[in-house]
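A quick write-up on the structure given underneath.
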Amino acid sequence: MSNATPVLSAKGLVKRFGRVTALDETDFELYPGEVLAVIGDNGAGKSSLIKALSGALTPDAGEIRMNGEPVSFSSPMQAREAGIETVYQTLAVSPALGISDNLFLGRELRKPGILGSVFRMLDKAEMRRQATQQLSDLGLLTIQNINQAVETLSGGQRQGVAVARSAAFGSKVVILDEPTAALGVKESRRVLNLIKDVRDRGLPVVLISHNMPHVFEVADRIHVHRLGKRAAVIRPDTHTMSDAVAIMTGAVEVESDAA
Amino acid sequence: MTQSKSNPSVSDHERIAESVSGTLAKRNEPEVQTGLQRLHRFFHANPTAAPAIVLLAAIAAFTMIVGERFLAPFNLSLVLQQVTIIGTLGIAQTLIILTMGIDLSVGAIMVLSTVVMGRMAVEFGLPPALAVTLGLGMGALCGAINGALVTKVKLPPFIVTLGTWNIFFALNLWYSKSETIRSQDIEATAPLLQWMGTSFEVFGARLTYGSLLMLALFGLVWYALNWTAWGRHVYATGDDKDAAELAGIRTQRVLMSIYVVAGLVCGVAAWLMIGRIGSVSPQVGFMSNLDSITAVVIGGTSLFGGRGSIFGTLIGALIVGIFRNGLALAGVDVLWQEFTVGLLIIVAVAIDQWIRRASA
């Protein structure tokens with residue numbers, strides 16, 4: 001796997017907030033078609049790393065590459081345009097709007113011809129069709145009505161809508177920030193399956209999570225963050241959860257072997 | 001999926017938890033709903049339903065109390081004329097409230113615009129069409145000032161418009177020298193200003209161009225809110241601004257556009273106002289901000305943003321008009337009209353709170 005070009009990679013990222021060093025020359029690689037989990041203790045710099053990758057934060061030093069090409073993002077919008085879709089913990093869906101409206105929020109389709117160009121009329125039927133397609137591709141068709149307000153959905157279904165949106169629209173990388181944090185067991189299971197579905201469609205996924213069982217279930221590789229840098233990259237089939245925790249807390253030092 | 005060899009306890013744990021939650025899984029099945037839940041869902045999905053029912057009930061009740069006189073086309077068309085100004089200001093107010101704002105300055109913007117139209121046409125002798133355009137422009141400018149203070153200086157809309165309400169009203173008194181432009185003078189020099197008051201009769205109903213323009217404006221704004229991306233963005237911005245921002249919507253721009261459009265609509269209301277009262281008076285109508293909020297709230301648009309419909313406001317304005325008219329015809333003292341309107345506001349917001357309790 002390490003022979004392939006990473007879809008998204010970072011080298012020597014540094015970010016300081018005053019006297020606090022959030023990112024201390026950290027590296028990062030995401031390869032095509034994998035689920036990469038990012039774990040780390042609170043304050044280890046996980047979220048700074050993710051923010052730097054998704055454009056929400058500009059690093060002081062270091063470089064980010066997409067498919068080998070250097071990129072730099074000054075806003076989340078730029079990262080999104082480059083194909084990096086982030087699903088934030090707060091979900092970023094509009095509760096009162098319908099599922100279809102939410103999927104297309106900010107990139108609505110207009111009717112062809114004069115209705116669309118002059119009267120700016122939305123093509124609701126086409127958006128509904130594509131939204132239904134997208135949801136059924138991801139096995140989310142338990143949602144009965146594509147116009148249903150998102151707030152009437154369960155937590156897992158909402159997460160599903162947010163993930164479906166991130167996986168649509170030709171995105172190249174999906175970053176999920178604690179997608180199962182607020183969910184029950186059954187709902188978490190659905191979301192984990194969804195993550196696998198997204199991966200199986202060829203989209204690489206970055207999963208930030210505190211939940212070790214979830215991480216060990218879906219991740220192909222695990223990036224362990226500690227003290228602002230990558231402490232190790234391990235694999236679920238060669239390491240145990242206790243190994244991961246040991247690395248995370250600094251009880252064990254690991255040579256970067258499995259990367 | 002490569003199953004991890006090292007943690008069998010995990011899947012065990014999950015299996016147990018799953019079987020526990022299995023008992024709860026029925027929650028996702030179509031459950032037996034109580035009548036109240038069904039009602040709640042219906043209102044949640046149809047925000048205009050509650051005000052529409054109130055309107056119809058009010059019409060039925062007053063027909064029984066007052067009799068045929070109330071239901072006569074002439075009387076009902078009179079109500080429509082009476083709500084033209086408030087209805088139009090209500091359009092502006094709805095747009096702002098949908099974005100979780102509030103606009104206390106709509107009445108003052110309208111009055112200032114009437115004075116601009118009147119003075120430009122009558123005193124400076126500009127072509128009436130140009131005078132009307134300048135008045136509309138004044139409305140849009142006032143809206144832009146509100147919008148800039150909300151989006152650039154980042155002040156709360158309530159404070160911004162409380163301030164500009166006073167400022168616009170003071171400018172209006174200064175610019176008009178507190179003088180009324182008489183109806184006869186307008187008629188002689190710029191009849192176009194009063195054109196919106198022109199009425200015609202159909203089946204005993206007396207309609208004005210002004211009330212028709214108001215209805216057309218409702219239709220136009222309905223289209224913009226429901227069938228354009230801009231409209232979706234307005235709802236999304238009011239619903240959850242941060243979420244809208246993360247979805248890539250430039251919410252500050254949306255807000256700015258809302259304030260400018262609202263100001264422009266107030267300018268239209270100014271033209272309707274001259275048509276309705278004939279003259280230009282710097283003292284009339286600057287308090288209509290509260291009536292416009294009343295129409296919006298009774299029409300079922302939530303003060304917390306993101307929910308509501310533009311036609312709800314039309315219905316809300318009509319409910320107020322019907323109550324005032326019906327109570328007057330029934331010979332009830334004016335003070336009870338105010339009392340009733342107050343009651344309607346409180347009931348409407350109470351219902352809104354209940355409906356908003358999201359998923360039933």
Side-chain angles (χ1 to χ4, degrees), chain A residues 56 76-77 80-81 86-88 90-97 101-102 104-111 115 119-122 124 142 144 147-154 157 165 184-189 196 199-200 212-214 216-220 235-243, chain B residues 1-7 9-25 27-28 30 41 44-45 47 98 223-224 226-233 235-251 302 304-308 356-360:
Chain A
M77 278 316 289
R80 174 184 306 238
E81 273 156 29
T86 309
V87 176
Y88 299 92
T90 50
L91 286 182
V93 289
S94 272
L97 292 183
D101 282 336
N102 260 298
F104 284 90
L105 196 58
R107 43 198 152 194
E108 291 82 358
L109 304 177
R110 274 187 270 158
K111 287 214 162 148
L115 278 177
F119 296 101
R120 324 290 282 179
M121 192 186 234
L122 294 177
K124 290 191 183 179
T142 43
Q144 308 87 340
N147 290 324
Q148 206 177 334
V150 167
E151 67 193 346
T152 62
L153 300 176
S154 69
Q157 288 174 319
R165 181 169 70 184
V185 174
K186 216 176 158 62
E187 299 257 79
S188 295
R189 168 107 356 260
K196 292 180 197 163
R199 192 247 338 254
D200 293 345
M212 288 293 164
H214 291 169
F216 272 76
E217 184 182 337
V218 294
D220 298 309
R235 289 174 172 279
D237 45 6
T238 56
H239 291 74
T240 64
M241 279 193 262
S242 354
D243 295 341
Chain B
M1 181 64 223
T2 47
Q3 191 51 53
S4 108
K5 61 173 171 62
S6 47
N7 36 46
S9 58
V10 181
S11 39
D12 275 357
H13 164 79
E14 296 234 330
R15 215 170 295 134
I16 294 162
E18 198 129 320
S19 71
V20 171
S21 74
T23 50
L24 300 171
R27 272 158 45 89
N28 288 339
R41 276 189 199 184
H44 195 268
L98 276 178
Y223 175 82
N226 289 285
W227 284 95
T228 70
W230 178 78
R232 299 289 86 192
H233 297 174
Y235 276 94
T237 303
D239 196 12
D240 188 334
K241 193 158 172 266
D242 296 335
E245 194 93 40
L246 289 174
I249 293 172
R250 277 174 282 191
T251 54
S302 170
F304 303 96
R307 280 151 231 266
R356 265 171 47 84
R357 257 189 285 141
S359 32

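No hydrogens, no waters, no symmetry mates; every other heavy atom, side chains included, goes into these values. All values reported here derive from a predicted model rather than from experimental measurement.
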Is chain B contacted by the side chain of A:M121, its backbone, both, or neither, given a heavy-atom distance below 4.5 Å?
-> both

When rounded to the nearest 0.5 angstrom, what is the spacing between CG in A:L122 and CH2 in B:W230?
-> 12.5 Å

Roughly how far apart are A:E151 CD and B:D239 CG, rounded to 0.5 Å?
-> 7.0 Å

To the nearest 0.5 Å, atom CH2 of B:W227 lies from atom CD of A:E108 at 13.5 Å

Can you find a pair of side-chain heavy atoms, one from A:L105 and one from B:H233, that are under 4.5 Å apart?
-> yes

Looking at A:G106, A:A96, A:S188, A:A56, which makes the most heavy-atom pairs under 4.5 Å with chain B?
-> A:A96

Residue part contacting chain B, namely of A:R80, when any heavy atom lies under 4.5 Å | side chain

Count the heavy-atom pairs under 4.5 Å between each of A:R120, A:R110, A:K111, A:R107 and chain B, then report the option with the highest count.
-> A:R120

Would you find more than 12 non-hydrogen atoms of other residues, nucleotides or ligands less than 6.0 Å from A:F119 atom CZ?
-> no

If you count heavy-atom pairs under 4.5 Å between each of B:T237, B:D240, B:N226 and chain A, which one has the most?
-> B:N226

Answer key: most heavy-atom pairs under 4.5 Å with chain A among B:A247, B:A244, B:G231, B:G238 is B:A247

